Protein chains: 2
Amino acid sequence: MTRGRRQAPVSKKISESAVRRLSLYLRTLEELDRAGQEMVSSEQLAAKSATTAAQVRKDLSLFGSFGKRGFGYTVEELGRALRDILGLTQPWRVALIGAGRIGSALFEYRGLTHRGFQIVAVFDCDPSKIGRKWGDSMIRDVAELERVVGDLDIQIAILAVPVEAVQGVMDQASRAGVRGVLNFAPRRLKVPAGVTVKDVNLVIELESLTFALSQGV
Amino acid sequence: MTRGRRQAPVSKKISESAVRRLSLYLRTLEELDRAGQEMVSSEQLAAKSATTAAQVRKDLSLFGSFGKRGFGYTVEELGRALRDILGLTQPWRVALIGAGRIGSALFEYRGLTHRGFQIVAVFDCDPSKIGRKWGDSMIRDVAELERVVGDLDIQIAILAVPVEAVQGVMDQASRAGVRGVLNFAPRRLKVPAGVTVKDVNLVIELESLTFALSQGV
DNA sequence: CTAGTATTGTGAAGGTTTTCACAAGCTGTG
DNA sequence: CACAGCTTGTGAAAACCTTCACAATACTAG
């Protein structure tokens with residue numbers, strides 16, 4: 001073992017919220033890097049990520065020791081470490097399922113490719129859409145999902161289909177070997193073990209907003 | 001006080017996650033209602049909402065007592081109670097700021113109006129978009145934001161603008177009297193006290209997904 | 001080389017959320 | 001009416017997460 005950064009203590013269980021903060025830290029670090037800053041303290045990282053210095057240090061300590069006592073963290077080095085922890089050193093190959101409004105917005109969203117998420121295939125079940133060109137890929141029939149996921153080595157699926165269709169599509173996707181899913185339909189999906197799902201649900205966000213607003217009255 | 005349901009014990013602090021679960025329960029109840037079911041047990045509600053029966057009962061007990069021992073909850077009555085708690089008895093008037101891809105997808109999204117969120121004004125700063133018709137409203141210049149928010153009695157703003165512009169738009173919105181904000185731009189907003197912000201950030205969702213996937217290896 | 005300053009990394013304390021387990025209470029039956 | 005069966009509502013326990021506080025340590029200046 002070198003005197004450099006230590007690796008993760010053991011495989012502890014990491015909380016969802018800790019992981020989300022790591023993702024925030026990474027964004028902050030990228031901003032600092034663009035601004036040309038080389039070192040950052042837990043204090044500053046916390047201020048820019050809306051948390052506390054102790055929380056930052058605790059979160060990082062779950063994975064190792066990345067700073068220098070008395071001086072803080074190297075922006076670039078900590079960024080690399082976080083990318084490593086979050087699994088962002090490889091590019092991820094993503095299937096977008098559903099070429100409606102949400103699908104279209106996601107397809108155009110630059111933030112995804114910029115972070116290493118490549119949408120390598122788009123699917124729909126509407127015959128009037130299948131065959132149309134989006135960017136330089138073509139909208140495919142969702143019936144081909146199983147074959148294409150294998151052929152293109154796709155690991156992640158984004159489900160942007162109507163709620164009635166989503167469980168069926170999910171079943172196809174998991175049979176095809178997709179291991180991670182970002183689900184925009186407002187239904188809790190049943191998935192086999194080994195498949196991870198994250199839900200994005202605007203109504204829940206809005207309702208937690210209206211709850212807060214009504215409380216405040 | 002009648003022998004009916006009791007009201008909230010006192011004004012305790014309610015956790016964000018509890019509120020989000022209430023929103024989930026409400027959706028489950030609406031599904032059950034459409035299916036014609038009249039009663040539901042905490043057990044069943046939990047199964048359909050991906051949590052535990054004890055959690056359901058604890059969450060509800062934060063606000064009062066809505067069930068009948070030995071029999072469970074009346075689907076319709078509990079639904080009404082949850083709508084009341086979440087502040088959904090009034091319709092909410094929403095401004096959509098940003099008429100790009102995301103804005104467009106949100107504008108078309110039926111789920112919002114269905115839940116009582118009315119998009120009563122759309123704004124952009126791109127002169128080529130201002131004046132265009134979307135549905136039966138017109139895209140307005142974001143410079144008019146302050147006046148229109150007052151005139152139309154808007155309480156909530158959805159920010160679907162580029163990250164560089166978002167803090168400026170937020171400042172305008174809070175000056176205009178908006179009290180709740182759903183922010184799609186990947187930047188933590190600074191807001192005056194009394195304004196509540198919820199962030200929606202796809203990159204964080206995807207990165208917590210890739211974290212899980214890389215761990216699983 | 002030593003003293004001084006700054007900031008990390010981390011056990012322990014404190015706080016919050018979830019789970020457990022059971023008394024309380026409702027309804028149908030005999 | 002009394003009893004049996006079932007499910008709620010809720011204190012108490014357990015698990016989990018955040019904050020505190022300080023020893024360890026890296027670097028700079030003298």
Side-chain angles (χ1 to χ4, degrees), chain A residues 1-10 12-22 24-25 29 32 37-75 77-78 81-82 85 208, chain B residues 2-22 24-25 29 32 37-75 77-78 81-82 85 208:
Chain A
M1 188 160 127
T2 66
R3 65 187 188 85
R5 78 170 200 250
R6 262 175 285 133
Q7 272 311 315
V10 236
K12 274 207 210 172
K13 210 173 53 200
I14 309 294
S15 74
E16 175 75 15
S17 42
V19 175
R20 299 173 78 88
R21 282 192 302 268
L22 294 181
L24 274 173
Y25 303 156
L29 287 169
L32 291 173
Q37 191 171 327
E38 293 192 359
M39 296 295 291
V40 64
S41 65
S42 57
E43 194 74 53
Q44 193 188 2
L45 197 47
K48 294 204 176 256
S49 311
T51 181
T52 66
Q55 184 74 79
V56 168
R57 295 200 299 273
K58 199 61 151 181
D59 286 341
L60 296 178
S61 80
L62 295 170
F63 296 95
S65 169
F66 306 101
K68 281 186 195 147
R69 290 171 195 233
F71 275 72
Y73 305 86
T74 311
V75 170
E77 198 181 304
L78 184 56
L82 288 182
I85 291 166
S208 72
Chain B
T2 67
R3 68 190 184 78
R5 75 168 201 252
R6 262 174 285 134
Q7 273 311 316
V10 235
S11 87
K12 275 209 212 172
K13 210 173 53 199
I14 308 294
S15 73
E16 174 75 14
S17 43
V19 175
R20 300 173 76 89
R21 282 192 302 267
L22 293 182
L24 272 174
Y25 302 156
L29 287 169
L32 291 173
Q37 191 173 328
E38 293 191 359
M39 297 294 290
V40 65
S41 66
S42 57
E43 193 74 53
Q44 192 187 5
L45 198 46
K48 294 203 176 262
S49 311
T51 182
T52 66
Q55 184 74 78
V56 168
R57 296 200 298 274
K58 199 62 153 182
D59 286 340
L60 296 178
S61 80
L62 295 169
F63 297 93
S65 170
F66 306 101
K68 281 185 195 149
R69 291 174 194 230
F71 276 71
Y73 305 87
T74 311
V75 170
E77 197 181 303
L78 184 57
L82 288 182
I85 291 166
S208 73

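Just so it is clear: chains get the letters A, B, ... in the order the sequence lines come, proteins before strands, and each one is counted from 1. Computed from a predicted model, the values in this text were never measured in an experiment.
By the side chain to side chain donor-acceptor pair (under 3.5 Å) test, A:E38 pairs with no residue at all, sequence neighbours left out. The side chain to side chain donor-acceptor pair (under 3.5 Å) check on A:S42 picks up A:R57, with sequence neighbours excluded. In terms of the salt bridge (charged side-chain N to carboxylate O under 4.0 Å, His left out) criterion, residue partners of A:E16 (sequence neighbours excluded) are, by chain and number, A:R20, A:K198. Under the side chain to side chain donor-acceptor pair (under 3.5 Å) criterion, A:Q37 pairs with A:Q44, sequence neighbours left out. Among residues two or more places apart in sequence or in another chain, the side-chain contact (heavy atoms from CB on, under 4.5 Å) test is passed with A:I85 by A:L22, A:F63, A:F66, A:L82, B:F211.
Computed from coordinates, the A:L45 CG to C:dG9 C1' distance equals 15 Å when rounded to whole Å. The distance between atom CG of A:L60 and atom P of C:dT10, rounded to the nearest whole Å, is 11 Å. What separates CG of B:L62 from P of C:dT19 is a distance of 14 Å, to the nearest Å. Look at CZ on B:F63: it is 18 Å from P on D:dT8, rounded to the nearest Å. In this structure, B:F66 atom CZ and D:dT8 atom C1' are separated by 13 Å, rounded to whole Å. Going from atom CD of B:Q44 over to atom C1' of D:dT8 covers 15 Å, rounded to whole Å. The distance between atom CG of B:D59 and atom P of C:dC20, rounded to the nearest whole Å, is 15 Å.
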Which protein N or O atoms sit under 3.5 Å from an N or O of nucleotides 1-7 of chain D?
| residue | atom | partner | partner atom | Å |
| --- | --- | --- | --- | --- |
| D:dT7 | O4' | B:G70 | N | 3.0 |
| D:dT7 | O4' | B:G70 | O | 3.3 |
| D:dT7 | O2 | B:G70 | N | 3.0 |

Would you give me the side-chain donor-acceptor pairs under 3.5 Å for residues 46-55 of chain B, sequence neighbours excluded?
| residue | atom | partner | partner atom | Å |
| --- | --- | --- | --- | --- |
| B:S49 | OG | B:T28 | OG1 | 2.9 |
| B:S49 | OG | B:L45 | O | 2.7 |
| B:T52 | OG1 | B:Q55 | N | 3.1 |
| B:Q55 | NE2 | B:D59 | OD1 | 3.2 |

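Within the structure, a side-chain polar atom (N or O) of A:Q55 is placed less than 4.0 Å from OP1 or OP2 of D:dT19.
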- Carefully, step by step, assess A:L60 and A:Y73 under the rule side-chain contact (heavy atoms from CB on, under 4.5 Å). CA-CA 11 Å; A:L60 296 178; A:Y73 305 86; 3.6 Å; yes
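Contacts between residues 14-22 of chain B and DNA chain D, defined by a heavy-atom separation below 4.0 Å, involve no residue at all.
Note that the CG atom of B:L78 and the CE atom of B:M39 stand 10.0 Å from one another [nearest 0.5 Å].
The base of C:dG11 is paired with the side chain of A:K58 by a donor and an acceptor separated by under 3.5 Å.
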